[in-house]
Amino acid sequence: MKLAARVSRITPSPTLAMTATAKAMAAQGIDVVDFSSGEPDFDTPEPVKAAAEAAIRAGFTKYTPSSGIDELRQAIIDKLQTELGLRYEKPQILVSCGAKHSLYNLAEALLEAGDEIIIPTPYWVSYADQALLNDATPVLLPTREDQGYAINPDELQRLVTPRTKAIIVNSPCNPTGATYDRRTLEGIAEIAVKHKILIISDEIYEKVLYDGARHLSIATLSPEVAAQTVIINGVSKAYAMTGWRIGYAAGPKDLLTAMANIQSQSTSNPCSISQKAAVAALRVGNPFTVKMVEEFDRRRKVMVERLNGIPGISCRLPGGAFYAFPNIRGVLGRRGPGGVLDSPTALANHLLKDAHVAVVPGEPFGSAEHIRLSYATSMEAIIKGLDRIATAVGKLTP
Ligand code: PMP
Ligand code: GLU
């Protein structure tokens with residue numbers, strides 16, 4: 001069958017693919033330690049489940065307004081007002097089937113052939129492929145590990161062309177865990193405002209921050225910046241609700257209306273029951289998040305310390321999200337039973353096959369010298385998995 005050309009530009013999500021492989025191995029009875037999954041291992045909070053049960057019992061099981069129920073859109077408006085001090089009207093809020101879907105609606109509403117979207121690297125895997133699916137060109141802005149992955153405004157400025165439509169800001173960042181400080185955000189905002197570039201602020205990890213850090217949204221810098229920013233967020237990460245599929249976008253009315261129209265002609269409303277659950281999460285879920293993040297913090301320190309104890313591997317302490325992103329340059333070039341490990345993918349494959357540990361290689365995030373490990377898994381798994389990695393790496397020959 002002759003498929004649309006756009007399909008040939010993309011691959012399946014590599015993070016989801018690695019998780020599926022790990023799950024398939026586990027189903028065969030193999031004892032796999034899975035560091036690939038980008039989802040909290042915590043159960044969804046009880047009040048959230050209770051709200052979903054109540055919705056089912058009350059027969060709240062029919063189509064809802066395509067853009068989301070009023071109650072949830074209001075909960076989102078209230079959250080943005082109390083936490084960020086930003087005011088939105090209902091037409092500026094769109095609830096979708098996960099933040100990934102929010103981003104996809106946005107890409108479809110915004111991008112066309114010849115358009116460019118600036119993506120700081122390392123970046124979350126789906127940004128580039130969603131641009132490619134919509135005929136646009138991802139323009140990668142390299143950032144450096146030794147500078148904490150901060151964006152250099154001069155380098156950003158050099159990438160701006162008349163075709164630049166948007167820039168992605170993902171703080172805290174998946175996969176690096178980096179967070180942007182006020183100066184960095186101001187540097188980005190200044191360029192975006194000057195050139196009328198839309199800022200896409202993916203804040204899905206806003207509540208997963210460590211060492212007392214507070215989330216800073218670029219949209220709060222000034223009303224002018226807010227008018228040019230779309231905030232993307234959702235309940236997946238903060239409330240351990242990845243399977244419920246609720247994300248949302250908040251931004252300029254004309255753009256959000258276009259996104260809502262696309263949604264009404266494609267998926268219609270996100271799941272009615274999940275929407276009720278999301279209202280509960282936003283209204284009463286924050287104490288749960290605080291406890292979960294305290295536990296992630298303990299795991300973060302153990303994982304990073306253990307990684308740094310492996311010769312050839314070095315790892316920064318991430319300031320947010322729940323991923324370690326170790327540099328494996330010192331291991332590349334060593335030899336395993338299957339040959340020379342010359343790339344993150346080769347190392348990830350080796351770890352999966354030989355040590356039964358699933359990690360995501362750096363290439364789909366835009367890095368040729370890192371791998372990504374999620375520490376949103378039990379301490380026991382972290383200790384076991386890191387023991388296995390240390391042994392497997394120790395056995396490699398120079
Ligand atoms: N943005 C980032 C940076 C992510 O890591 C994820 C997780 N897959 C998403 C968006 C999408 O999250 P979801 O679709 O589960 O809401
Ligand atoms: N955000 C998660 C990750 O990066 C989930 C998988 C995905 O949607 O890509 O692993």
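We count ligands from 1, going down the list as the structure has it; atoms in each ligand are counted the same way.
- Contact check on Arg158 versus Asp154 returns no salt bridge, with no Lys/Arg side-chain nitrogen under 4.0 Å from an Asp/Glu carboxylate oxygen.
- By the 4.0 Å N-to-carboxylate-O rule, Arg299 lies too far from Glu294 to be salt-bridged with it.
- Checked by distance only, ligand 2 and Ser37 stay at 3.5 Å or farther apart across all their nitrogen or oxygen atoms.
- From the protein, the heavy atom lying nearest to atom 7 (C) of ligand 2 is Thr15 OG1, 3.3 Å.
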Chi angles and distances behind the side-chain hydrogen bond (donor to acceptor under 3.5 Å, both in side chains) call for Ser67, Gln263: CA-CA 7 Å; Ser67 299; Gln263 180 160 304; 5.6 Å; no

Verdict with supporting geometry, Asp34 and Lys23, salt bridge (charged side-chain N to carboxylate O under 4.0 Å, His left out): CA-CA 8 Å; Asp34 184 8; Lys23 288 213 163 96; 5.4 Å; no

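- Near Tyr205, meaning under 4.0 Å from any of its heavy atoms, are these atoms of ligand 1: 3 (C), 4 (C), 5 (O).
- Ion pair Glu295/Arg298 flagged as a salt bridge, since at least one NZ, NE, NH1 or NH2 atom sits closer than 4.0 Å to an Asp/Glu carboxylate oxygen.
- By the criterion of a heavy-atom distance under 4.0 Å, the side chain of Lys237, and not its backbone, is placed next to ligand 2.
- Contacts between Tyr323 and ligand 2, counted as non-hydrogen atom pairs separated by less than 4.0 Å, involve the side chain only.
- An N or O contact shorter than 3.5 Å is missing between His101 and ligand 1 by distance.
- Close approach of ligand 1 to Tyr127 is summarised as follows: ligand atoms under 4.0 Å from at least one heavy atom of the residue are 3 (C).
- At a heavy-atom distance under 4.0 Å, only side-chain atoms of Tyr205, from C-beta outward, approach ligand 2.
- Interface atoms of ligand 1 facing Gly98, defined by a heavy-atom separation under 4.0 Å, are 14 (O), 16 (O).
- When non-hydrogen atoms are compared, ligand 1 lies under 4.0 Å from the side chain of Asn170 (C-beta onward) but not from its backbone.
- Looking at Asn170, its side chain does come within 3.5 Å of a backbone N or O of Asp202 through a donor-acceptor pair.
- Geometrically, Lys276 engages Phe60 in a cation-pi contact defined by less than 6.0 Å to the ring centre and at most 45° from the axis.
- Closest protein heavy atom to atom 9 (C) of ligand 1: Trp124 CH2, 3.5 Å.
- Checked against Phe325 for a side-chain contact (heavy atoms from CB on, under 4.5 Å), the options Arg316, Arg372, Glu145 give a single hit: Arg372.
- Proximity to Trp124 (heavy-atom distance under 4.0 Å) selects the following atoms of ligand 2: 1 (N), 4 (O), 7 (C), 8 (O), 9 (O).
- Contact annotation for Val360 and ligand 2: no heavy atom of the residue comes within less than 4.0 Å of the ligand.
- Ligand 2 has no N or O atom lying under 3.5 Å from any N or O atom of Ser126, backbone or side chain.
- Within the 4.0 Å heavy-atom shell around ligand 1 one finds Ser236.
- Listed by number with element, the atoms of ligand 2 under 4.0 Å from a non-hydrogen atom of Lys100 are 7 (C), 8 (O), 9 (O).
- Inter-residue side-chain proximity for Lys79 and Leu84 is flagged as unmet; no heavy-atom pair is nearer than 4.5 Å.
- Not a single heavy atom of Glu39 sits closer than 4.0 Å to an atom of ligand 2.
- Checked by atom type, the side-chain pair Gln157/His195 shows a donor-acceptor distance below 3.5 Å.
- Ligand 1 does not have Thr242 within reach: every non-hydrogen atom of the residue lies 4.0 Å or more from it.
- With a 4.0 Å heavy-atom cut-off, ligand 1 is reached by no atom of Trp244.
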Glu369 vs Ser367, side-chain hydrogen bond (donor to acceptor under 3.5 Å, both in side chains): CA-CA, chis, key distance, verdict: CA-CA 6 Å; Glu369 53 181 40; Ser367 166; 5.9 Å; no

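- Looking only at protein heavy atoms, the nearest one to atom 14 (O) of ligand 1 is Arg245 NH2, 2.8 Å.
- Which parts of ligand 1 touch Asn174 is read off a 4.0 Å heavy-atom cut-off, strictly below it: atoms 3 (C), 4 (C), 5 (O).
- Nearest to atom 10 (O) of ligand 2 among the protein's heavy atoms is Arg372 NH2, 2.7 Å.
- Looking at Leu16 against ligand 2, only its side chain comes within 4.0 Å, counting heavy atoms.
- Ranking protein heavy atoms by distance to atom 16 (O) of ligand 1, first place goes to Ala99 N, 2.7 Å.
- Side-chain atoms of Gln275 come within 3.5 Å of backbone N or O of Pro270 as a donor-acceptor pair.
- Under a 4.0 Å criterion applied to the non-hydrogen atoms of Ser13, ligand 2 contributes the atoms 9 (O).
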Derivation and outcome, salt bridge (charged side-chain N to carboxylate O under 4.0 Å, His left out), residues Arg388 and Asp31: CA-CA 12 Å; Arg388 289 185 188 180; Asp31 172 26; 2.6 Å; yes

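- Relative ring orientation between Tyr210 and Tyr375 is described as tilted, the plane-to-plane angle lying within the 30° to 60° band.
- For atom 11 (C) of ligand 1, the nearest non-hydrogen atom of the protein is Lys100 N, 3.6 Å.
- Of the candidates Ile168, Asp202, Leu16, the one placing a heavy atom closest to atom 3 (C) of ligand 1 is Asp202.
- The ring-ring contact (aromatic ring centres under 6.0 Å, His included) test with Phe322 singles out one residue from Phe42, Phe296, Phe35, and that residue is Phe296.
- Among all protein heavy atoms, the one lying closest to atom 7 (C) of ligand 1 is Lys237 NZ, 2.7 Å.
- Residues Pro252 and Val230 come closest through the heavy atom pair CD-CG2, 4.2 Å.
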